[in-house]
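Report on the following structure.
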Amino acid sequence: MLSLEEARDRLLAAVRSVTETETVPLWEGLDRILAEDLHAPRAVPPADNAAMDGYALRAAEGAHEGGLALAGTATAGGPFSGTVPAGQCVRIMTGALIPAGCDAVIMQEECDVSGQGCTTRVRLMRPPRSGEHIRRAGEDVAAGACLLGAGRRLRPPDIGVLASLGLADVTVLRRPRVALLSTGSELREPGEPLAEGQIYDSNRYLLTAMLRRLDVAVTDLGICADAPDHLQAVLEGAARDHDVVIASGGVSVGEADHTRRVLDRIGRVRAYKVAMKPGKPFTFGTVGAALFLGLPGNPVSATVTFHQLALPALRYLAGERSSESPLLVAARAGAPLRKKPGRADFQRAVLLAEPDGGHRVETTGSQGSGVLSSLTRANAFIRLEAASGDVAAGDTVSVLPFDRWLM
Ligand code: AMP
Ligand code: MG
């Protein structure tokens, strides 16, 4: 049995990342993977401008007894033209270009303004400092700077930064093509009536929802009954035009669990059984050029193995490269936890902030791998290392808060 880390490493080593690119309008860049390093084609802001509403002037003249005369106005988008004459200042609004000759902006709250029109005098309540309240050209982004690296999954602020650089489109990697099926002769679609012994397929719905967040192209292959020839035909067909085929169910050792045998026949099993709970029967392999991921059928096991193993593989396959590892929170266990040494454990739990600034964590109760509703009650996993045994109330444990893939 592989440790979770070994399984993940082996899985990533078997992945060939997407390399084909496409250029999409900036609007569609969200959640896509940046194909190449992004260097700023220009500086942001492009020129020195006012950080406050007030008066632009020469700092050296600010102490003038009689104040400064008003030479004109500069607004954002409406610059003052020419050089400001000696002894004069310019009324300036936030974002307006600093007029030639000026080297400071004084907040209007710190100015005493008298007179009107050409008799206006602006007196300062304190001596100005050269450079104050000026946003320098390039202080946000220097021209040529490498802002975002290839492999970045674009976030809302990234889209804003690209827009600030004037870029109307962005070159991203093509979306991975993922085929998804459920195996099990007992499964029915929601909306259909259930006969005796049947249950609804929940895995395909849950996994499709997670795949949507991942922004991959999903082909829904529906439910495949526990018939090896049929399963073989479905897998072979899907492997031809998808990067990844994901199936849940049929990877245990029961008589109706055909997935691994079929995979052996038409491709290669590269790993089977991972020392994790839930999720031990997780299987992966290849069929032709496609990666095959076999998730256990129990819905919690399918979810945890998808989250811990399939997701890193799919993100890597999509070309995503990130040095951020998942944040773990240290929290006090609110009650004792049962744990047999041997497998890494993911217990569904609620992470709570405590008044002292610390954290407490409570499990959602029954940890059966079929108790799917435990995931809707939880906001985190208690992550117990393979070697760990029982945990006493009050012990500090590692907690993995649900991320965007599970929330
Ligand atoms: P299996 O891994 O196929 O042996 O399935 C283990 C358990 O999970 C069985 O009780 C199945 O009925 C259940 N199961 C398998 N696939 C699904 C699914 N897609 N939705 C809900 N339950 C499932
Ligand atoms: Mg089954």
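When a ligand or atom number is given, it counts from 1 through the structure's own listing order. Since the model is a prediction, treat every value here as computed from it, not as a measurement.
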Going by the order shown, which atoms of ligand 1 are within less than 4.0 Å of some heavy atom of [X]?
X	value
Asp201	18 (C), 19 (N), 20 (N)
Tyr200	20 (N), 21 (C)
Asp257	3 (O), 4 (O)
Ser182	19 (N)

Side chain or backbone of Leu187 under 4.0 Å from ligand 1, or both, or neither, by non-hydrogen atoms?
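Side chain only.
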Heavy-atom distances under 4.0 Å are what count here, so tell me which part of Ser252 touches ligand 1: side chain, backbone, both or neither.
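For Ser252, only side-chain atoms sit under 4.0 Å from ligand 1.
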Identify the protein heavy atom lying closest to [atom], giving its residue, its atom name and the separation to 0.1 Å.
atom	value
atom 10 (O) of ligand 1	Asn298 OD1, 4.3 Å
atom 18 (C) of ligand 1	Asn203 ND2, 3.3 Å
atom 22 (N) of ligand 1	Ile199 CD1, 3.5 Å

Side-chain donor-acceptor contact under 3.5 Å, Ser130 with Asp103:
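The answer is yes; a qualifying pair exists.
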Measuring from non-hydrogen atoms of Ser202 to any atom of ligand 1, is the shortest distance under 4.0 Å?
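Per 4.0 Å heavy-atom rule, Ser202 contacts ligand 1.
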Can Gly250 be said to touch ligand 1, with heavy atoms closer than 4.0 Å?
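Distance cut 4.0 Å: Gly250 passes for ligand 1.
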Test salt bridge (Lys or Arg N to Asp or Glu O under 4.0 Å) applied to Asp31 and Arg213, Arg404, Arg155, Arg153, the passing residue:
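With Asp31 as partner, salt bridge (Lys or Arg N to Asp or Glu O under 4.0 Å) holds for just one option, Arg404.
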Sole candidate of Arg174, Arg175, Arg315 that passes salt bridge (Lys or Arg N to Asp or Glu O under 4.0 Å) when paired with Asp215
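Exactly one candidate clears the test, Arg175.
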Would you check whether Glu186 has a nitrogen or oxygen atom less than 3.5 angstrom from a nitrogen or oxygen atom of ligand 1?
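Yes: some nitrogen or oxygen of Glu186 is under 3.5 Å from one in ligand 1.
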Check: Gly297 N/O within less than 3.5 Å of ligand 1 N/O:
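Yes; at least one N/O pair falls below 3.5 Å.
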Face-on cation placement of Arg10 at Phe284 ring, 6.0 Å and 45° thresholds:
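No, Arg10 and Phe284 do not form such a contact.
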Side chain Arg348, main chain Gln367, donor-acceptor under 3.5 Å
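Side chain of Arg348 to backbone of Gln367, a donor-acceptor pair under 3.5 Å: yes, one is there.
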Ion pair check, Glu132 and Arg126, cut-off under 4.0 Å:
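A salt bridge is present here (some side-chain N lies under 4.0 Å from a carboxylate O).
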Note: Asp158-Arg152 ion pair, threshold 4.0 Å (strictly below)
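Looking at Arg152 together with Asp158, the answer is yes, because their closest N to O distance falls below 4.0 Å.
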On the 0 to 90° scale, with breaks at 30° and 60°, tag the Phe381-His307 ring pair as parallel, tilted or perpendicular.
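If you compare the ring of Phe381 with that of His307, the planes turn out tilted.
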Can you tell me how far apart OG1 (Thr283) and CZ (Phe292) are? Round to the nearest 0.5 Å.
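If we round to the nearest 0.5 Å, Thr283:OG1 and Phe292:CZ are 7.5 Å apart.
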